[in-house]
J.: 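Just dropping this structure here.
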Amino acid sequence: MNNGTMKAVGVIPGKREVALLWHPAPRIGAPTELKIRTLEVGICGTDREICTFAYGSPPTDCEYLVLGHEALGEVVEVGPRVTAFKPGDLVVPTVRRPCPHAHCVSCRNARQDFCFTGDFTERGIKMVHGYLTEFFVEDQAHLNAVPPGLKDVAVLVEPLTVAEKALAQLWQVQSRLNWGAGNGESPGAGKTAVVLGAGPVGILGTMALLVRGFRTWVYSRSAEPNPKAELVNSIGAKYVSSETVPLGEFARLTGPIDVVYEAVGVAKITFDVMKILGLNGAFIFTGIPPERPAIPVEADTLMRRIVLMNQAIIGTVNADRRAFEDAIRDLDLFKQRWPDSLRRVISGRHPLENYRELLLDKPAGIKQVITIGA
Ligand code: BGC
Ligand code: ZN
């Protein structure tokens, strides 16, 4: 802190710069708001894409956007009408804020993840500053309490919400058929899932599928041995390299596939794998690829299979409160089941000053985290 300002990392699109900035320290402005000290912020592909200026936008009255949407913080001050939190509590904020339109039934019902107008905002991404700074202020409606025992991994809550929302969608879509195991068994028991990609979203999604009983395969490019493959195999999923095992052979290994969870953000491999999705299967897209030149896709084959095999193709973005709550609960389960593997999802913790290599260089490891407060 310095003269009412604090350190922040942001983009200045008008100058095409990524920079360490002095940003005004926030103050509680409404009775249900809290002031939070940022402890950790995770870096993801969305942040890196914003740094190429292909995505993201600053608030209308500001030339820069403070980055960061995967945060863990500690409450330092509460407004007079805050009921659910007190100073010292650990919190993870959500990302998206509702649009202003009265006719948007999603936003009016706290489901801005399904906003109909597109006029939602997102902290650290779209028109509201993010969390890559020393303090932030937020309304209690957008905060989730984290138990102290999860402090060392809670920065993974937001990337895990991608899988939690995807799974909530999956159950809804598959309720079209008799899909549940019934008889109180894990919902994924006896079913086969394939995860595309072994980045943080893929690995956390793999864990979420495993705790629900799915037989889970991870199909990812890098040949073995490699650290991501080791991590995947250590939790009871099976890593297969698409570089060494071609699609046909992979399909013979997995048998009929009930669910594909795409977490790779690359169209070629994604549409190839769509060709091996099974009867009544669901294919969930979570990746947000940048614009790239068109590629050939076996569209007629896919169309025939989607129809004749009752397949559902689902896109999912952002997450509601329930997905955050599910993520916090699951993270606790992962920590009990795989304490070492879960810890290894965080590849490194870095000071704010190292932002350039984390945001601009080729990504290394799995999840890189910036540590701000203690
Ligand atoms: C964030 C989401 C957001 C999406 C699109 C992702 O990285 O996790 O919350 O909705 O980017 O902006
Ligand atoms: Zn809306």
Side-chain angles (χ1 to χ4, degrees), residues 11 13 40-59 65-72 92-132 136 138 141-144 154-169 197 199-205 208 261-265 284-291 314-328 331 345 358-359 363 366-370:
V11 288
E40 296 192 320
V41 176
I43 300 297
C44 83
T46 302
D47 301 310
R48 275 189 284 268
E49 204 186 338
I50 297 172
C51 291
T52 69
F53 311 100
Y55 195 65
S57 45
L65 170 75
V66 175
L67 287 169
H69 59 274
E70 303 180 359
L72 167 68
V92 167
T94 62
V95 179
R96 192 176 281 193
R97 301 293 169 260
C99 77
H101 308 290
H103 64 274
C104 183
V105 288
S106 294
C107 287
R108 301 292 66 79
N109 287 290
R111 286 308 302 257
Q112 52 267 25
D113 58 316
F114 281 123
C115 177
F116 276 102
T117 68
D119 290 339
F120 59 83
T121 59
E122 288 182 338
R123 291 204 66 158
I125 302 174
K126 183 175 186 259
M127 301 175 85
V128 224
H129 292 305
Y131 310 118
L132 208 38
F136 61 92
E138 189 49 86
H142 304 303
L143 296 170
N144 302 280
V155 71
L156 299 174
V157 166
E158 199 280 341
L160 176 56
T161 61
V162 177
E164 299 295 347
K165 179 174 170 185
L167 284 164
Q169 299 296 298
V201 173
I203 289 176
L204 293 167
Y261 177 72
E262 177 278 317
V264 68
I284 309 173
F285 282 83
T286 77
I288 311 175
E291 294 285 343
I314 308 160
T316 174
V317 68
N318 198 251
D320 62 329
R321 173 176 282 281
R322 170 147 163 233
F324 276 82
E325 288 166 359
D326 290 349
I328 292 164
L331 211 52
V345 176
L358 298 174
L359 289 163
I366 304 171
K367 174 60 73 186
Q368 301 294 351
V369 169
I370 293 185

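Each ligand, and each atom within it, is numbered from 1 in the order the structure gives.
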J.: Nearest 0.5 Å, what's the CD-OG1 distance between E122 and T46?
T.: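 Between E122 CD and T46 OG1, I get 8.5 Å after rounding to 0.5 Å.
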J.: Is any protein N, O or S atom closer than 2.8 Å to the Zn ion (ligand 2), and if so, which?
T.: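 You should have found C99 SG, C104 SG, C107 SG, C115 SG.
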J.: Would you check, one step at a time, whether the test side-chain contact (heavy atoms from CB on, under 4.5 Å) holds for R97 with K126?
T.: CA-CA 10 Å; R97 301 293 169 260; K126 183 175 186 259; over 6 Å; no
J.: Quick check: closest heavy atoms across P100 and R108, and the distance to 0.1 Å?
T.: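 Scanning both residues, the minimum pair turns out to be C-NH1, 3.7 Å.
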J.: Passes salt bridge (charged side-chain N to carboxylate O under 4.0 Å, His left out), R322 versus D320? Steps please.
T.: CA-CA 5 Å; R322 170 147 163 233; D320 62 329; over 6 Å; no
J.: Looking at Q368 and I43, would you say the former's side chain and the latter's main chain have a donor-acceptor pair under 3.5 Å?
T.: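 Side chain of Q368 to backbone of I43, a donor-acceptor pair under 3.5 Å: no, none is there.
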J.: In this structure, which one of E138, E158, E70 forms a salt bridge (Lys or Arg N to Asp or Glu O under 4.0 Å) with R123?
T.: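 Testing each of E138, E158, E70 against R123, the sole residue satisfying salt bridge (Lys or Arg N to Asp or Glu O under 4.0 Å) is E138.
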J.: Shortest non-hydrogen contact from R321 to L143?
T.: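 Reported closest heavy-atom pair: NH2-O, 3.3 Å.
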J.: Just by modelled atom types, is the C44 backbone N or O under 3.5 Å from a matching donor or acceptor in the D47 side chain?
T.: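 Yes, D47 side chain to C44 backbone: donor-acceptor pair under 3.5 Å.
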J.: Write out the protein residues near ligand 1, meaning a non-hydrogen atom under 4.0 Å from one of its atoms, in order of chain and number.
T.: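 Contacts of ligand 1 under 4.0 Å: C44, T46, Y55, H69, V95, R96, E122, I125, E158, I288, V317, N318.
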J.: How close do A163 and G205 get, counting heavy atoms only, and between which atoms?
T.: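 Looking at all heavy atoms of both residues, the closest pair is CB-CA, 3.7 Å.
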